[in-house]
Amino acid sequence: MPERSHIALSFLPMPGSVPVEWRIEPGLTGYDNALAFMEARADAIRRDGAPELVWLVEHPPLYTAGTSAKQEDLVEPDRFPVFAAGRGGEYTYHGPGQRVAYVMLDLKRRREDVRAFVAALEEWIIGTLGHFNVKGERREDRVGVWVVRPDRPPMPDGSPAEDKIAAIGIRLRRWVSFHGISINVEPNLGHFSGIVPCGVSDHGVTSLVDLGLPVTMADLDVALKAAFGEVFGAVEEVRQIARKAS
């Protein structure tokens with residue numbers, strides 16, 4: 001099986017497909033509301049041929065458990081609300097200052113290849129970070145995007161220290177994706193200490209601001225949109241979804 005870095009990463013839709021809808025949600029979105037919306041939209045994409053959608057949100061502080069989450073990785077279970085997400089992966093944190101991009105794409109209109117889809121999502125993140133001259137890297141033994149930290153002491157084996165800057169967790173239903181990615185812009189990184197993020201205890205977590213970059217959420221959204229087009233094709237910005245409070 002080829003490494004993800006050697007997989008063809010283009011996930012463009014079939015010719016004649018309508019652009020992906022691109023929506024930015026204001027304020028903080030409650031997690032239960034987000035799950036309900038994604039479920040309904042994924043069903044509409046498959047059942048009714050609804051347009052694909054990328055939905056950008058921020059959540060109030062919370063932890064989510066993927067289908068591979070281990071109970072012992074929830075270090076502080078009473079710190080924030082904990083939600084069973086139904087996506088792949090383990091525990092992760094969402095909160096203000098972190099951009100979550102929920103990706104509802106029809107892989108039947110693109111490529112029916114889950115592993116390549118994950119690699120394409122990583123490539124989207126790497127391209128986005130490149131707009132800020134940040135070198136994001138994939139690791140074959142762990143999903144997500146990482147940055148090397150030469151400013152920190154090396155690992156015990158002599159390898160450079162590195163931190164996770166973006167997470168990926170997806171679910172497919174009848175070849176329609178939901179859930180998606182998260183990128184740390186300026187969250188409270190201390191909130192990650194209540195879990196073992198994605199089951200990885202040997203490495204830290206960082207953000208664009210932690211790396212010394214004065215990036216705003218609006219800056220990131222512009223970069224996300226540009227990088228998405230390179231991997232997944234055209235998007236069309238549409239009116240915001242009615243705000244759903246936490």
Side-chain angles (χ1 to χ4, degrees), residues 19-45 50-66 80-89 91-105 121-122 124-125 128-129 131 144-145 164-173 176-189 191-192 195 197-198 205 207-209 215-229 231-232 235-246:
V20 177
E21 291 188 353
W22 186 270
R23 300 187 182 185
I24 301 174
E25 181 74 11
L28 300 180
T29 299
Y31 197 74
D32 281 338
N33 290 323
L35 284 178
F37 178 85
M38 284 191 288
E39 294 262 0
R41 185 56 175 255
D43 286 344
I45 290 171
E52 299 171 298
L53 172 66
V54 175
W55 185 28
L56 305 185
V57 307
E58 283 181 87
H59 288 302
L62 57 91
Y63 298 129
T64 69
F80 298 124
V82 181
F83 295 87
R87 55 161 174 78
Y91 281 104
T92 195
Y93 165 77
H94 295 314
Q98 180 193 73
R99 175 55 85 205
V100 179
Y102 290 129
V103 182
M104 288 150 271
L105 299 181
L121 292 172
E122 289 174 334
W124 175 28
I125 296 167
T128 299
L129 296 175
H131 282 257
V145 174
K164 191 169 193 175
I165 195 168
I168 298 173
I170 61 167
R171 183 175 179 182
L172 294 179
R173 179 179 296 156
V176 177
S177 70
F178 52 114
H179 297 280
I181 70 170
S182 60
I183 299 179
N184 297 328
V185 179
E186 192 179 8
N188 184 333
L189 295 177
H191 289 174
F192 284 90
I195 56 172
C198 301
V205 180
S207 68
L208 289 166
V209 171
V215 177
T216 68
M217 194 67 73
D219 295 333
L220 181 75
D221 291 346
V222 170
L224 276 168
K225 190 175 182 181
F228 183 90
V231 180
F232 295 100
V235 300
E236 180 179 19
E237 193 153 348
V238 296
R239 64 178 179 80
Q240 294 163 331
I241 300 168
R243 179 176 177 178
K244 305 205 182 335
S246 59

Notebook entry, point to check: Of all heavy-atom pairs between Y93 and P61, which one has the smallest distance, and what is that distance?
Noted result: OH-CB, 3.8 Å
Notebook entry, point to check: Should R99 and I24 count as side-chain neighbours, where that means a heavy-atom distance under 4.5 Å?
Noted result: yes
Checklist line | Parallel, tilted or perpendicular, as decided by the 30° and 60° cut-offs, for the rings of H59 and Y102 | finding: tilted
Notebook entry, point to check: With side chains defined as the heavy atoms from C-beta onward, is the minimum distance between E39 and R171 less than 4.5 Å?
Noted result: yes
Next item on the list: Apply side-chain contact (heavy atoms from CB on, under 4.5 Å) to V103 and I170, showing your working.
Entry: CA-CA 8 Å; V103 182; I170 61 167; over 6 Å; no
Check: Does the pair K164 and T92 meet the rule for a side-chain contact (heavy atoms from CB on, under 4.5 Å), with working shown?
Finding: CA-CA 12 Å; K164 191 169 193 175; T92 195; over 6 Å; no
Note to self: Within this structure, what is the CD-CD distance for the pair E236 and E21, rounded to the nearest 0.5 Å?
What the structure shows: 7.0 Å
Notebook entry, point to check: Would you say the side chain of L105 lies within less than 4.5 Å of the side chain of I45, judging by non-hydrogen atoms?
Noted result: no
Check: Atom CG of L121 and atom CZ of F232: how far apart are they, to the nearest 0.5 Å?
Finding: 4.5 Å
Item checked: Close side-chain approach of L224 and W22, heavy atoms under 4.5 Å -> yes
Notebook entry, point to check: Passes ring pair (Phe, Tyr, Trp, His ring centres under 6.0 Å), Y63 versus Y91? Steps please.
Noted result: CA-CA 7 Å; Y63 298 129; Y91 281 104; 7.6 Å; no
Next item on the list: For the residue pair Y31 and F83, categorise the inter-ring angle as parallel (less than 30°), tilted (30 to 60°) or perpendicular (more than 60°).
Entry: tilted
Item checked: Separation of H94 NE2 from N184 CG (nearest 0.5 Å) -> 10.0 Å
Check: What distance separates Q98 CD from N188 CG, expressed to the nearest 0.5 Å?
Finding: 11.5 Å
Next item on the list: List the atom of T29, the atom of W55, and the distance in Å for their closest heavy-atom pair.
Entry: CG2-CH2, 4.2 Å
Note to self: Determine whether a donor-acceptor pair (N or O, by modelled atom type, separation under 3.5 Å) exists between the side chain of D219 and the backbone of T216.
What the structure shows: yes
Notebook entry, point to check: Roughly how far apart are I183 CD1 and M217 CE, rounded to 0.5 Å?
Noted result: 9.5 Å
Next item on the list: Report yes if the side chains of V145 and W124 come closer than 4.5 Å at any heavy-atom pair, otherwise no.
Entry: no
Note to self: Are V235 and V54 packed together at the side-chain level, in the sense that at least one heavy-atom pair is separated by less than 4.5 angstrom?
What the structure shows: no
Next item on the list: Using a 4.5 Å cut-off on heavy atoms from C-beta on, say whether the side chain of V222 contacts that of H131.
Entry: no
Check: Residues two or more places apart in sequence or in another chain: which of them pass side chain to side chain donor-acceptor pair (under 3.5 Å) with H179?
Finding: none
Check: Just by modelled atom types, is the G97 backbone N or O under 3.5 Å from a matching donor or acceptor in the E58 side chain?
Finding: yes
Next item on the list: Heavy atoms only: give me the nearest V205-P197 pair and the separation to one decimal.
Entry: CG2-CG, 4.0 Å
Margin query: Please check if the number of heavy atoms outside E186 that lie under 6.0 Å from its CD is greater than 12.
Written below: no
Check: With a 4.5 Å limit on heavy-atom distance, are the side chains of L53 and F37 in contact?
Finding: yes
Note to self: Which heavy atom of A101 sits nearest to which heavy atom of L56, and what is that distance?
What the structure shows: CB-CD2, 3.4 Å
Margin query: Using modelled atom types and a 3.5 Å cut-off, is there a donor and acceptor pairing between side-chain atoms of E122 and backbone atoms of I168?
Written below: no
Note to self: Test your reading of the model: is there a side-chain donor-acceptor pair from R41 to the backbone of P51, 3.5 Å cut-off?
What the structure shows: yes
Next item on the list: Could you pull out the closest heavy-atom pair between S207 and I165, with the gap in Å?
Entry: C-CD1, 4.0 Å
Notebook entry, point to check: Closest heavy-atom contact between V100 and S182?
Noted result: CG2-CB, 4.1 Å
